[in-house]
Amino acid sequence: YIIHSPSEENIKATSQSLSIAFMNDPLQTYVFPGPVERGQKSPAHFEAVLRYGCIFGEVFAAQIMEAVVVWLPSGNSDAVIVMHHAMEQC
């Protein structure tokens, strides 16, 4: 596997892939109960998570996005405020 950080150009594609992969995930179905709403809002939710990770941690993806991970350091409470604001935009 080749691991890299997603570029600005493929963050949207990565968030769309995550949205599809987690469409029936229990947390996603709780946050966005309706399947139509989930399909519409999940990509923006995952895009916010990816951007948050790029700013306040690290994001790594396999070459063709079959795996993505967001690593966040502990103790960064200021970043939580930014994430909350980003999630309100979804």
Side-chain angles (χ1 to χ4, degrees):
Y1 288 99
I2 297 174
I3 306 297
H4 63 91
S5 294
S7 65
E8 181 64 32
E9 294 80 35
N10 63 18
I11 288 226
K12 286 198 180 288
T14 304
S15 64
Q16 185 65 37
S17 294
L18 288 168
S19 176
I20 292 167
F22 287 93
M23 183 59 118
N24 295 314
D25 179 75
L27 180 59
Q28 286 297 90
T29 59
Y30 177 79
V31 174
F32 306 118
V36 173
E37 178 187 27
R38 197 172 326 121
Q40 292 170 340
K41 294 185 176 181
S42 285
H45 168 252
F46 284 112
E47 183 176 348
V49 170
L50 290 168
R51 291 187 185 284
Y52 178 86
C54 288
I55 293 168
F56 296 107
E58 296 181 70
V59 179
F60 298 104
Q63 186 173 9
I64 58 171
M65 302 303 166
E66 67 267 35
V68 179
V69 64
V70 177
W71 292 97
L72 300 173
S74 62
N76 194 352
S77 60
D78 292 339
V80 173
I81 295 168
V82 174
M83 182 61 173
H84 177 72
H85 178 69
M87 294 306 297
E88 287 179 339
Q89 305 305 311
C90 290

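Only heavy atoms go into these numbers, but all of them, side chains included; no hydrogens, no water, no symmetry mates.
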Given Ile11 and Cys54, is the side chain to side chain contact (heavy atoms under 4.5 Å, CB included) satisfied, shown in steps?
CA-CA 10 Å; Ile11 288 226; Cys54 288; 4.0 Å; yes

Verdict with reasoning, Leu18 to Leu50, per side chain to side chain contact (heavy atoms under 4.5 Å, CB included):
CA-CA 10 Å; Leu18 288 168; Leu50 290 168; 4.1 Å; yes

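Taking Val69 as the reference, Phe60, Trp71 meet the side chain to side chain contact (heavy atoms under 4.5 Å, CB included) condition, with sequence neighbours excluded. Taking Arg38 as the reference, nothing meets the salt bridge (charged side-chain N to carboxylate O under 4.0 Å, His left out) condition, with sequence neighbours excluded. For the side chain to side chain contact (heavy atoms under 4.5 Å, CB included) test, residues two or more places apart in sequence or in another chain that qualify with Ile20 are Gln16. Under the side chain to side chain contact (heavy atoms under 4.5 Å, CB included) criterion, Gln40 pairs with Val36, sequence neighbours left out. The salt bridge (charged side-chain N to carboxylate O under 4.0 Å, His left out) check on Glu37 picks up Lys41, with sequence neighbours excluded.
Across all non-hydrogen atoms, the minimal contact from Pro73 to Gly57 is CD-CA, 3.9 Å. Of all heavy-atom pairs spanning Ala61 and Val68, the tightest one is CB-CG2, 4.1 Å.
No side-chain heavy atom of Gln28 sits under 4.5 Å from any side-chain heavy atom of Asn24. The side-chain heavy atoms of Leu72 and Tyr52, taken from C-beta on, include a pair separated by under 4.5 Å.
A distance of 5.0 Å separates OG of Ser42 from CZ of Phe32, quoted to the nearest 0.5 Å. Atoms OG and CG, from Ser5 and Asn10 in turn, are 10.0 Å apart once rounded to the nearest 0.5 Å.
Side chain of Ser17 to main chain of Ala13: a donor-acceptor pair is present (N/O by atom type, distance under 3.5 Å, no hydrogens or angles).
Among pairs with a residue in residues 11-28, those fulfilling salt bridge (charged side-chain N to carboxylate O under 4.0 Å, His left out) read Lys12-Glu47, at least two apart in sequence or across chains.
When hydrophobic clusters are built by joining Ile, Leu, Val, Met, Phe, Trp and Tyr residues whose side-chain heavy atoms come closer than 4.5 Å, directly or via intermediates, Ile55 is grouped together with Val70.
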